[in-house]
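Taking it in order: structure first as structure tokens, then the write-up.
Not measured: the values here are computed from a predicted model.
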Amino acid sequence: MSIQRIESIKESGGYLNRYTHESDTLNCEMTFSVYLPPLAEQEKVPTLYWLSGLTCTDDNARVKGGMQRYAAEHNIAIVFPDTSPRGDEVADEPERYDLGKGAGFYVNATQSPWSTHYQMYDYVTKELPQLLEAELPLLAGVKSVSGHSMGGHGALICALKNPDDYRSVSAFSPICNPVNCGWGKGCFSAYLGDNEAAWKAYDATELVNNGAKVTDILIDQGTGDEFYDEKQLLPENFQTACDNAGQPVTIRFQEGYDHSYHFIASFVGEHIAYHAKALNNSSS
């Protein structure tokens, strides 16, 4: 196998496994986790990709999100990729949490020194699914995507740019309009240069404005989220774009919830049921 299992924990009747592999796309060794539900011991199952946010690794969501019990109930696998390339040779800004390692932003960087390793869009949409469908009991091409914050941004753009590849998409507290917020401007200018047209290709709001469309989108946003108050997330901009374009979207403003995994754990069961309906319908 081209992936090496380094950990296996039984959970909710299935197994939470951790793997490493040498990524051709990112030019470094990567670590990721996969939850395989009990049914995966008998047959191939659909997959939900969970994209995490700034500062996270593959470990945060699998420990804090409480997702595995719901995945077991609905017989779907969950893949937890890392959020950036890793290693001593990988470019970084150690004094910043919002650029470099832990902050790949799910784009394909074009600017030096980032372009050597920071090809996270191709990694999560192409290399990793192809690898895992070949190596693990996952149904080929039957996948959905979700994520949180920077990973919510990633989930939205992956689905909007590849509507035939994902059966459904949802997000928690996504960075909806990065070309107009501090986080997005800081990362996009570094990774993609000064050409703002290149930025818009990785912005969910701009993608919808330019005609990208999927069947449906589910978003949860806490009203007590400090980054919502700081105008980093901008869900209203995305709502307006969807309304103007006729793109179905449900944005649920959850009273008092913050940006943390306490928020995610409170509603992730509903998100997994939402994805399971689409995944199981498409795989039957």
- In sequence, state the C-alpha distance, the side-chain angles, and the governing distance for L218 and H275, and then conclude on side-chain contact (heavy atoms from CB on, under 4.5 Å). CA-CA 10 Å; L218 172 64; H275 291 296; over 6 Å; no
Pair R62, E11 - check salt bridge (Lys or Arg N to Asp or Glu O under 4.0 Å), show working. CA-CA 11 Å; R62 70 178 200 148; E11 183 174 358; over 6 Å; no
Using ring-ring contact (aromatic ring centres under 6.0 Å, His included), reason through F267 and F172 one step at a time and then give a plain yes or no. CA-CA 9 Å; F267 299 100; F172 288 84; 7.3 Å; no
* To do: List the steps and the verdict of side-chain contact (heavy atoms from CB on, under 4.5 Å) for L234 and Y228.
  => CA-CA 7 Å; L234 304 175; Y228 172 60; over 6 Å; no
task = Would you check, one step at a time, whether the test side-chain hydrogen bond (donor to acceptor under 3.5 Å, both in side chains) holds for T83 with S52?
result = CA-CA 6 Å; T83 56; S52 292; over 6 Å; no
For this session: Test side-chain hydrogen bond (donor to acceptor under 3.5 Å, both in side chains) on S260 and D258 and set out the steps.
Result: CA-CA 6 Å; S260 74; D258 62 15; 2.7 Å; yes
- Check the pair V45, L138 against side-chain contact (heavy atoms from CB on, under 4.5 Å), reporting the backbone distance first and the verdict last. CA-CA 5 Å; V45 296; L138 307 179; 4.2 Å; yes
What do the steps show when you test Y19 against Q4 for side-chain contact (heavy atoms from CB on, under 4.5 Å), and what is the final call? CA-CA 5 Å; Y19 303 89; Q4 302 297 319; over 6 Å; no
After noting the C-alpha distance and the side-chain angles of S2 and E135, does the key distance pass the side-chain hydrogen bond (donor to acceptor under 3.5 Å, both in side chains) rule? CA-CA 8 Å; S2 56; E135 300 280 10; 2.8 Å; yes
- Query: So Q68 and Y15, side-chain hydrogen bond (donor to acceptor under 3.5 Å, both in side chains) or not? Walk me through it.
  - Reply: CA-CA 9 Å; Q68 289 87 294; Y15 286 90; over 6 Å; no
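Using modelled atom types and a 3.5 Å distance limit, the side chains of S149 and S173 yield no donor-acceptor pair. Between D58 and T31, the side chains place no donor N or O within less than 3.5 Å of an acceptor N or O (distance only, hydrogens not considered). A donor atom on one side chain and an acceptor atom on the other are not found under 3.5 Å apart for N60 and H148. Judged purely by distance below 3.5 Å, without hydrogens or angles, the side chains of E127 and S23 pair a donor atom with an acceptor atom.
In K200, the NZ atom is not crowded: 12 or fewer heavy atoms of neighbouring residues, nucleotides or ligands sit closer than 6.0 Å. Crowding of E95 atom CD: a count of heavy atoms from other residues, nucleotides or ligands under 6.0 Å exceeding 12. Residue-environment remark: CG (D194) stays at or below the threshold of 12 foreign heavy atoms within 6.0 Å.
Remark: I219 CD1 to L233 CG distance equals 10.5 Å, nearest 0.5 Å. Distance check, rounded to the nearest 0.5 Å: CG of D82 to CG of L128 gives 10.5 Å. From M120, atom CE reaches atom OH of Y118 across 9.5 Å, with rounding to the nearest 0.5 Å. We find the CG-OG1 distance between N209 and T240 to be 9.0 Å, quoted to the nearest 0.5 Å. Taking NE2 from H259 and CG from D229, the interatomic distance works out to 12.0 Å, rounded to the nearest 0.5 Å. Atoms OG1 and CG, on T110 and L192 in that order, are 5.0 Å from each other to the nearest 0.5 Å.
Geometrically, K126 does not engage Y121 in a cation-pi contact defined by less than 6.0 Å to the ring centre and at most 45° from the axis.
Using a 4.0 Å cut-off between charged side-chain N and carboxylate O, K143 and D165 make no salt bridge.
Closest non-hydrogen pair, V249 versus C242, comes out as CG1-CB, 3.5 Å. Residues A61 and W50 come closest through the heavy atom pair CB-NE1, 3.2 Å. Minimum interatomic distance between G87 and K101 (heavy atoms only, all atoms of both residues): O-NZ, 2.7 Å. Pairing each heavy atom of G102 with each of M150, the nearest pair is O-CE, 3.8 Å.
Aromatic rings from F105 and Y191 are positioned such that their centres are separated by 6.0 Å or more.
In this pair, H21 and Y123 present their aromatic rings parallel. The plane angle is below 30°, not in the 30 to 60° band.
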With a cut-off of 3.5 Å and sequence neighbours excluded, list every side-chain donor-acceptor pair involving residues 175-189.
| from | atom 1 | to | atom 2 | distance (Å) |
| --- | --- | --- | --- | --- |
| N177 | OD1 | N180 | ND2 | 2.9 |
| N177 | OD1 | N237 | ND2 | 2.8 |
| N177 | ND2 | D203 | OD1 | 3.3 |
| N177 | ND2 | D203 | OD2 | 3.0 |
| W183 | NE1 | Y97 | OH | 3.0 |
| S189 | OG | K185 | O | 2.8 |
| S189 | OG | G186 | O | 3.2 |

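Partner L36 forms a side chain to side chain contact (heavy atoms under 4.5 Å, CB included) with one of V79, N17, L16 and no other, that one being N17.
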